[in-house]
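Order of the sequence lines fixes the chain letters, A, B, ..., with proteins taken first and strands second; residue numbering starts at 1 for each chain.
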Protein chains: 2
Amino acid sequence: MSGPARRVTIRDVAAHAGVSVATVSRALAGDYPVHPSTRRKVLRAVRELDYVPNAQARALSVASPGAVAIVIHSVDSPYYALIAQGVEEQAAAEGRLSLICTTGSDPERELAFVQTMREQRAEAVILVGGVVLDDDYRERMSRYAHGLAASGSRLVLCGRPPLGDGVPAFTVDFDNTGGARAITAHLLSAGHRRILYLGIRPGNSTSNTRVAGYRAALADHGVTAAPALEMCCHFDRRSGYVTMKRRLTEGPRDFTAVFAATDLIAAGAVKALREHGLRVPDDVSIVGYDDVPPAEDIGLTTVHLPHTELGRAAVRLALSGKDPLAEPPITLGTHTVVRCSVKPLGSGR
Amino acid sequence: MSGPARRVTIRDVAAHAGVSVATVSRALAGDYPVHPSTRRKVLRAVRELDYVPNAQARALSVASPGAVAIVIHSVDSPYYALIAQGVEEQAAAEGRLSLICTTGSDPERELAFVQTMREQRAEAVILVGGVVLDDDYRERMSRYAHGLAASGSRLVLCGRPPLGDGVPAFTVDFDNTGGARAITAHLLSAGHRRILYLGIRPGNSTSNTRVAGYRAALADHGVTAAPALEMCCHFDRRSGYVTMKRRLTEGPRDFTAVFAATDLIAAGAVKALREHGLRVPDDVSIVGYDDVPPAEDIGLTTVHLPHTELGRAAVRLALSGKDPLAEPPITLGTHTVVRCSVKPLGSGR
DNA sequence: GGTGGCGTAGTAACCGGTTACTCGACGAGT
DNA sequence: ACTCGTCGAGTAACCGGTTACTACGCCACC
């Protein structure tokens, strides 16, 4: 064929049109007076050679909008996918490209990606998802924040706690404690007192805020929290299934309702309950958290989270030009969505 | 604070270390002999100034790997999300950044993004998702393909039919007709003869291949296809729900099984069936297509598609260095996953 | 002692664009 | 006829890196 044809540059266009490169540049930019006949010649050459300007080269001389980067654990989870969707939409609306990186929860990959984003001169970097809250984390994030700020990029933390004063990062999060408290109250109002909590993840910030709401609601109703009712569980279907399965085979069935820390855990748990001949909600009530699309399939009562709005808010904030040091954390409200997975305790079938 | 500090360049580092820019560049690249003491000075300056090289500038002089771009209709759909996951993984494994664009099925946005990718010098552009197969489409894709090829980028079409000889594009797709044929045969073997097909989308390539498998299986078993049993429906939950609802209220209930063109349609349809007091699979059998995670929640018998493998294969192919003109389309096999949404016809409860 | 080779570091051209500055041509004003 | 202003186009510097080429100092060797 025509071989690995060298890319066509502005010089080729200039030669083809019989003008200087400056004229080509100006004819295309359109902000400088170029004689109509010259412009036509240039445009014809552009068309004939199928010239496409090199965005990287342009970015060197002119300050062009950088990309918006989003870092998530995995796109294969409706929670992250919905947030990413919001980020993508808002970024596109503001004329930015969106870069995506999945880390598989590996801090190494997160670090590498943040570095790459500095090299790429990204305009905003959005880190999404719960984390283990230790000093190492805090230190790492502070380094990111200062580094990105020095490179002119904005850092936004979503679903992670703020880093405190003096660290240049925006924070946007859901009101997890409020949501968990409300839906636990919903179960309590239905008469449930022994509520199994599925989804303890030691140190994990998201887990912590949700379990805090659960405990607060119990306290509100004068119910003493039972550590035996709080079970460790990852935030996915399989863990929900496995954990509930084990509980049903090994532990006492001393609960009348289940609060799953995520809808996916709930989906897995429902499957395990059914396999044990237990009906939802007749034998066991269950609620979830997130209100991702699968919740509808199983008729799950859950807490609705404005996922895409979180993504959009993160982008808006990052591109707002506001000072990250002065901006308080944003908390997005949640609300309970009642479907048909909860039944008042003691009411006959 | 320190104000909008101008970005630190290699010149700043050179000045700080008291050497020339060439030396800094070489000390960092490491491929050219630099005196150890000089290198130390340079590295110290880099650390003190927190210098990060500009990837865009480097890309100008040295041929660096370009990004991998994926274009999907929406990330808020497990089908696309899983494919995107595969793309992301493989791109990361091969040291590429992945850019993502959602079009909301708007050809305008698709076009604009392809143009942007040419400007960005992306190494591969992966277009995913069914399309309306008219001459306009064919013409548009050919333009993309030639344009991208001229810019040194590879085009991969996923879930879209090949463009034919002479058009420089790779093609990777699922064996939809085979999968649809197999699962329809599964229903037929269970004794079902009147199978409602939910998911006709006139002109849409994905829809066409799936319905072709459905019809082929009917023909295999000597069952005449009934146009009244083939219903139009978009590929999402809501359409599945609405369409099934309407069928149940308006049309005759002259079917014993349902073949939903996607699992999400199936999820919506199941909800509508339940609301009409019909039990799955006792009163009506149903199968889906895709095997996305929600299928497990509703115990749906469906066709498994290797989504992430599709994404990975697309990236591998694009970066393989093979000639797109010589490469035949790749078809990935599928298999039926039996869960509990199908019951043999006539067997009592 | 002159010469050649090696190890380092600097100079400057280049990547592909943008744009400040310069310059020639042409028409208007006096 | 001469000057001045304006229009349109070219020249060259610059963005931030990389790297071919050049230059310098030092040692070994004849």
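The distance from the CD atom of B/Glu139 to the CE atom of B/Met141 is 10.5 Å, given to the nearest 0.5 Å. Taking OG1 from A/Thr206 and OH from A/Tyr79, the interatomic distance works out to 5.0 Å, rounded to the nearest 0.5 Å. Rounding to the nearest 0.5 Å gives a distance of 7.5 Å between CG of B/Asn54 and CZ of B/Arg7.
In this structure, CZ of A/Arg11 is placed 12 Å from C1' of C/dA13, rounded to the nearest angstrom. Atom CZ in A/Arg40 sits about 15 Å away from atom C1' in D/dG8, given to the nearest Å. Distance A/Arg39 CZ to D/dG8 C1': 12 Å, rounded to the nearest Å. Rounded to an integer number of Å, the gap from A/Asp31 CG to C/dA20 C1' is 13 Å. As rounded to whole Å, 16 Å separates atom P of C/dG16 from atom CD of B/Glu119. Summarising the geometry, the separation between CG on B/Asp12 and P on D/dC15 is reported as 11 Å, rounded to the nearest angstrom. Note: NE2 (B/His35) to P (C/dA9) measures 7 Å, nearest angstrom. We find that CD1 of A/Ile10 is positioned 14 Å from C1' of D/dG10, with the value rounded to whole Å.
Between the side chains of A/Glu94 and A/Gln90, at least one donor N or O lies within less than 3.5 Å of an accepting N or O. Donor-acceptor pairing under 3.5 Å is recorded for the side chains of B/Glu89 and B/Gln85.
Taking the nucleotide of DNA chain C with the nearest heavy atom to each of B/Val34 and A/Ser61, the more 5' of the two is matched to B/Val34.
A 4.5 Å side-chain heavy-atom check between A/Val128 and A/Tyr80 finds at least one atom pair inside the cut-off. Here the side chains of B/Arg160 and B/Leu127 are in contact, with some heavy-atom distance below 4.5 Å. Under the 4.5 Å side-chain criterion, counting only non-hydrogen atoms from C-beta, A/Leu28 is in contact with A/Tyr51. With contacts defined as side-chain heavy-atom distances shorter than 4.5 Å, the pair A/Ser98/A/Ile70 does not qualify.
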- request: For side chain to side chain contact (heavy atoms under 4.5 Å, CB included), just list the numbers for B/Met117 and A/Leu97, CA-CA rounded to whole Å, side-chain angles, deciding distance to a tenth of an Å, and then say yes or no.
  value: CA-CA 10 Å; B/Met117 285 308 100; A/Leu97 283 176; 3.9 Å; yes
message: If you apply the rule side chain to side chain contact (heavy atoms under 4.5 Å, CB included), what do you find for B/Ile10 with B/Ser25, and how did you get there?
response: CA-CA 8 Å; B/Ile10 197 171; B/Ser25 176; 3.9 Å; yes
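Near DNA chain C, meaning a heavy atom under 4.0 Å away, there are no residues from residues 46-58 of chain B. Residues of residues 20-28 of chain B having a heavy atom closer than 4.0 Å to DNA chain C, listed by number: B/Ser20, B/Ala22, B/Thr23, B/Arg26.
Side chain of A/Pro33, nearest nucleotide from C/dG10, D/dG8, D/dG17: D/dG8. Candidate nucleotides D/dG17, C/dG16, C/dG10 were compared by shortest atom distance to the side chain of A/Arg121, and D/dG17 ranks first. Counting only heavy atoms from C-beta on, A/Tyr32 has its side chain closest to D/dG8 among D/dG8, C/dC15, C/dT19.
For A/Asp323, the CG atom counts as densely surrounded, since its 6.0 Å shell holds more than 12 non-hydrogen atoms of other residues, nucleotides or ligands.
Rounded to 10°, the angle separating the first-five-pair axis and the last-five-pair axis of the helix from C/dG1-D/dC30 to C/dT30-D/dA1 equals 70°.
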